[in-house]
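First the structure, in the form of structure tokens, and then the observations on it.
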Number of protein chains: 2
Amino acid sequence: MTTSSGETSSGLGQGASTGASKRATILDVAAAAGVSRQTVTRAMNAMPGIRPETRARVQEAARQLGYTPSRFAKGLVQGARTSVGLAIPDLTNPYYPAFASSVVELATQRGWHVVMDDYGHGGATGVESVQHLAPQVDAVIGYLGGAADEAQAILGRRPLVVLDQPAGSASGGITFDYDHAAQTALEHLQARGCRQLAYIDRAWAGADLGAPGSVRAGGPTPGTDPVRGVMTVRGQAFARSAAASGMALTVVVSPESAAAARQVTRRLLEDRPGTDGIVVFNDVMAAGALKALADSGRAVPADCAVIGMDGIPLGELLTPELTTLALDLREVGRAAVELLDGLLTGSLDPGGPGTELLLRHHLVLRQSA
Amino acid sequence: MTTSSGETSSGLGQGASTGASKRATILDVAAAAGVSRQTVTRAMNAMPGIRPETRARVQEAARQLGYTPSRFAKGLVQGARTSVGLAIPDLTNPYYPAFASSVVELATQRGWHVVMDDYGHGGATGVESVQHLAPQVDAVIGYLGGAADEAQAILGRRPLVVLDQPAGSASGGITFDYDHAAQTALEHLQARGCRQLAYIDRAWAGADLGAPGSVRAGGPTPGTDPVRGVMTVRGQAFARSAAASGMALTVVVSPESAAAARQVTRRLLEDRPGTDGIVVFNDVMAAGALKALADSGRAVPADCAVIGMDGIPLGELLTPELTTLALDLREVGRAAVELLDGLLTGSLDPGGPGTELLLRHHLVLRQSA
DNA sequence: GACACATTCGTGAACGTTCACGGGAATCAC
DNA sequence: GTGATTCCCGTGAACGTTCACGAATGTGTC
């Protein structure tokens, strides 16, 4: 029997009952079990080269002391388990959880951990989210809504994959082919016989240009400079697409909520009663539009067709069921994770070829159009 | 000018262009900037006692080398920033994101980080989720769906707050007063004049007892032993409540999805065409029930009233708008975080008084009932 | 009984950072 | 011009764990 040769454990023999004094370290466990550090390590990590009874004794001592290995010490010596930050503007919008779910699943498969930040309640920006995440993660995936360069600067060499915005100096980016989406939707509505089309865009978060619901652009000359900076990228694509095919498209803006969209749509229908086809920025807002159409006594799609955007599960549950430009959100998550994987393993170079993906919406025909 | 006195930096003068060789450490930056470790620390952490030009020089060197301080080394010496794990069975169900959003917000306010795990896609259990989270977090909040004791054992002394399940040996727990909810709903339906009531329960994940939709308990004798273990806690509360007030309640079970609930409801309406009031396990499934009622040509609530459960935003968007037993999910998140806060700061003792909260649903009257 | 070998366990070193302290140079006061 | 004060900056120590190696003990073989 070896007498404990020192190794500077905490002097006090802390009984299991005394409150949270310090924090039990591996040396405390070693002392309590009458073994050395290394043996404790072997016992806790299911390593070979230890007698079963010793292992049991150590584990019991660890349990009694409430010992939990320090993830910091462990990480320091073993080299990081990678943990990725996930910056999301609003978990309340069903679009994001569907995406996040996919990211978490695939990240977990790779043994990564996901640190989630739902910025936006407090009016924080994507960059602030990255700033908050930065000290804790090895990479970030996020819908930042702009300022990719600044975010990448904060992260330094660590990979950043941004979604739905120009990649800029970010390591990678995933964007969506809104021109294709817009063309698909408008063509479909036209083929259905719709003649007076409208697009409901999301109002810029910061901007407060005119009352919500005010008509932004009518007639065949959208896409001109004054419009830029007011419309979202999606809105610009719709304006371009309408102009290209010579259709008239009324563009209105609405805050990003079903209730707001309902109100805006109601006003739109008063201003332009002949509207017979509406495309909406996202499915949640489209649900509001459907409500407004019902309010006004119109039948959908007979009197007015509606197309949403995103393809969240909610759409199927609405009445009428929502036709939508769907994005396969699990696929988007997969693209983001695989892109990040490539960047982390080095098989992809930041900003290099293959780091900017363009994904397409596809039209899911249901009842509303 | 001090000549670099050694301090064992990496021997190679790694140019900024060479690939990811090792990882730049604080010593590399110090050497590159011609200063010491401590000065680098001061520069990176905005500490006083450093000349502005020196700070700039160090920061430039850090930038060029792509230096990122090791969170492990930092955490090791500074004592942990707390990071909490959030175990969630299914982010796809709108119930959970609403809750998670609240948790993330309040945790962020406290300077915590949230490591999210959406277990359940791969058929994992809550305990496995905790096992995955454990090495990375200082505490866990989660909907584990059982096995709280086992989960607490994995975490040792670290706090565990479980929701919607008996706390067992967990540090804290938040449960819901389903008896009150059931009574509220059933009384409301009865007052409305409903006489043939049904409750659609969620089928147990693992169990496959009988075809989905089979009638489990009819008549006035539910709550007996054979039923236990088949019905959820919510189901049992409804059975109890119905029995207590002498109402007849048909209980059927359905997998947890709108589509499944739709099918189950359809079958229920064939079996018991006189059903004129239905309560459903959650809002998503209630949406399916509404669809089934529409399919069968019934008017809601005239022919049959429907009450959902949870109070997710989706309910407002359905047609008819869903009456529901709502839970204020932000409040639930707040309760969980505050409980955890108390446990972490020591103002609350694990399992002690004030660690088991009972929250109540309130009936939100909309159109469906 | 001597040797090789397997099994079990312990000790120095290292991971990268911050804290506590101390030293040197410049500035100020008189 | 001496001492006190301030401003910068550097060095030992420590955080808690694992890795690499070596020591001690037991087990088998001839």
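Keep in mind that the numbers below use all heavy atoms, side chains included, and drop hydrogens, waters and symmetry copies.
Of the side-chain N and O atoms in A:Thr39, one or more sit less than 4.0 angstrom from OP1 or OP2 of C:dG10. At the phosphate of D:dT18, OP1 or OP2 sits under 4.0 Å from a side-chain N or O atom of A:Thr41. For C:dT17, neither phosphate oxygen OP1 nor OP2 lies less than 4.0 angstrom from any side-chain nitrogen or oxygen of B:Ser70. OP1 or OP2 of C:dG10 sits under 4.0 Å from a side-chain N or O of A:Ser36. The shortest distance between the side-chain N/O atoms of B:Thr54 and the OP1/OP2 oxygens of D:dC9 is below 4.0 Å.
Nucleic acid contact for A:Gln78: sugar-phosphate only, since backbone atoms but no base atoms lie under 4.0 Å from a heavy atom of the residue. Here B:Met47 lies in heavy-atom contact (under 4.0 Å) with sugar-phosphate atoms only.
When side chains are defined from C-beta on, B:Met44 counts as touching B:Tyr67, because their heavy atoms get closer than 4.5 Å. At least one side-chain heavy atom of A:Thr41 sits less than 4.5 Å from a side-chain heavy atom of A:Met47. Here the side chains of A:Tyr96 and A:Pro89 are in contact, with some heavy-atom distance below 4.5 Å. Looking only at side-chain heavy atoms (C-beta outward), B:Arg330 and B:Ser101 come within less than 4.5 Å of each other.
Set against C:dT17, C:dC19, D:dC8, the side chain of B:Arg51 has D:dC8 as its closest nucleotide. Distance from the side chain of A:Lys74 is smallest for D:dT18 among the nucleotides C:dG10, D:dT18, D:dG12. Among the nucleotides D:dT18, D:dA13, C:dC9, the one closest to any side-chain atom of A:Ile26 is D:dT18. The side chain of A:Arg42 approaches C:dG10 more closely than any other nucleotide in the set C:dT18, C:dT17, C:dG10.
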